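Input: a single structure, listed below in structure tokens.
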Amino acid sequence: MNHSLTTLSLVRFAVAYVFITSGVMKLFSVELAEVFIGLGLPFPDMLLHVTAFLEIICGILIILNRSVKHAVIPLIGIMIAAILLTKLPLLNSGILSFAFKARLDIVMLLLLITLYSKSPS
């Protein structure tokens, strides 16, 4: 049991690290902000900031092991949207290109689902 607690903690730290850094970069990287805004979403500036703050706040909750089950829900939505908007169109280039370029998104989605299923209510 101690081993799986350690493993789950490592998963929490890895997931939190990715989302906190991603959220911070959305706020401070002009290039990343331009890519996000260029996705054609409604209210892109507001959505960029909401997404960035959700990633940072939920990442902090996950790293602190507070409300993890609730914190991963918006992040799962963000990852599904990221895959649909930025990775699914890559299927036109072939399955191998899609699989390679979507690998981090898919792994993060699976880790979020794992955290959701293994975290207490």
Side-chain angles (χ1 to χ4, degrees):
M1 184 129 133
N2 204 5
H3 173 68
S4 63
L5 266 170
T6 304
T7 303
L8 195 58
S9 294
L10 289 173
V11 169
R12 276 192 10 261
F13 291 133
V15 167
Y17 172 78
V18 168
F19 281 102
I20 292 169
T21 56
S22 178
V24 169
M25 288 301 291
K26 281 180 179 69
L27 295 175
F28 294 108
S29 169
V30 174
E31 295 98 22
L32 188 57
E34 287 174 352
V35 169
F36 188 94
I37 290 169
L39 292 174
L41 299 169
F43 310 106
D45 288 323
M46 183 184 71
L47 201 51
L48 170 71
H49 287 90
V50 168
T51 302
F53 285 119
L54 275 172
E55 288 177 346
I56 294 166
I57 291 165
C58 292
I60 290 170
L61 288 171
I62 291 168
I63 210 163
L64 295 175
N65 202 20
R66 302 285 185 244
S67 300
V68 173
K69 194 169 206 113
H70 299 293
V72 300
I73 293 170
L75 298 178
I76 289 171
I78 289 170
M79 291 313 303
I80 290 171
I83 291 168
L84 291 175
L85 292 170
T86 66
K87 302 305 187 281
L88 207 56
L90 298 173
L91 280 172
N92 294 331
S93 305
I95 190 75
L96 287 177
S97 178
F98 166 78
F100 180 74
K101 292 178 181 172
R103 68 192 184 281
L104 177 61
D105 300 58
I106 293 168
V107 168
M108 291 308 299
L109 181 58
L110 292 174
L111 290 175
L112 287 167
I113 292 167
T114 300
L115 284 177
Y116 182 84
S117 68
K118 298 291 183 184
S119 297
S121 298

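Being a predicted model, the structure only gives us computed values, none of them experimental. The figures here come from the full heavy-atom set of this structure, side chains too, leaving out hydrogens, waters and symmetry mates.
Once rounded to the nearest 0.5 Å, the distance linking CE of M108 with CD1 of I113 reads 11.5 Å. Expressed to the nearest 0.5 Å, how far NZ of K101 lies from CG of L91 amounts to 11.5 Å. Here L88 contributes atom CG and F98 contributes atom CZ; the two are 6.0 Å apart, rounded to the nearest 0.5 Å. The CG atom of L109 sits 8.5 Å away from atom CG of D105, with the distance rounded to the nearest 0.5 Å.
Linking ILVMFWY side-chain heavy atoms closer than 4.5 Å, directly or via other members, places L112 and I20 in two distinct hydrophobic clusters. Under a hydrophobic clustering in which Ile, Leu, Val, Met, Phe, Trp and Tyr are joined whenever their side-chain heavy atoms come within less than 4.5 Å, directly or via other members, I106 and L90 fall into the same cluster. Note on I56: it clusters hydrophobically with F13, by side-chain heavy-atom contacts below 4.5 Å among ILVMFWY residues. L54 and M25 end up in different hydrophobic clusters when Ile, Leu, Val, Met, Phe, Trp and Tyr side chains are linked at under 4.5 Å. There is no path of hydrophobic side-chain contacts, each under 4.5 Å, that joins F43 to L41.
Of all non-hydrogen atoms in R12 and I63, the two that sit nearest each other are NH2-O, 3.3 Å. The shortest non-hydrogen separation linking P74 to C58 is CG-SG, 3.6 Å. T114 and S117 make their closest contact through O-OG, 3.0 Å (heavy atoms, listed as atom of the first residue, atom of the second, distance).
For the pair V11 and V15, the minimum side-chain heavy-atom distance is below 4.5 Å. Considering only heavy atoms from C-beta on, I62 stays 4.5 Å or farther from N65 through its side chain. Side-chain contact check for V68 versus L61: every heavy-atom pair is 4.5 Å or farther apart. At least one side-chain heavy atom of R103 sits under 4.5 Å from a side-chain heavy atom of F100. Using a 4.5 Å heavy-atom threshold, the side chains of L47 and L39 count as separate. By the 4.5 Å heavy-atom criterion applied to side chains, L115 and L8 are counted as neighbours. Residues F19 and V72 have side chains not in contact (no heavy-atom distance under 4.5 Å, counting atoms from C-beta outward).
Within the 3.5 Å criterion, the main-chain N or O of S93 finds no donor-acceptor partner in the side chain of S97. Without hydrogens or angle criteria, K69 side chain to Y116 main chain gives a donor-acceptor distance under 3.5 Å. Looking at S67, its side chain never comes within 3.5 Å of a backbone N or O of H70 through a donor-acceptor pair. Side-chain N or O atoms of T21 include one that pairs as donor or acceptor with a backbone N or O of V18 at under 3.5 Å.
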With a cut-off of 3.5 Å and sequence neighbours excluded, list every side-chain donor-acceptor pair involving residues 80-87.
from	atom 1	to	atom 2	distance (Å)
T86	OG1	A82	O	2.5

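Legend: side chain to side chain donor-acceptor pair (under 3.5 Å) pairs involving residues 40-59, not counting sequence neighbours, sorted by first then second residue: S22-E55, K26-E55.
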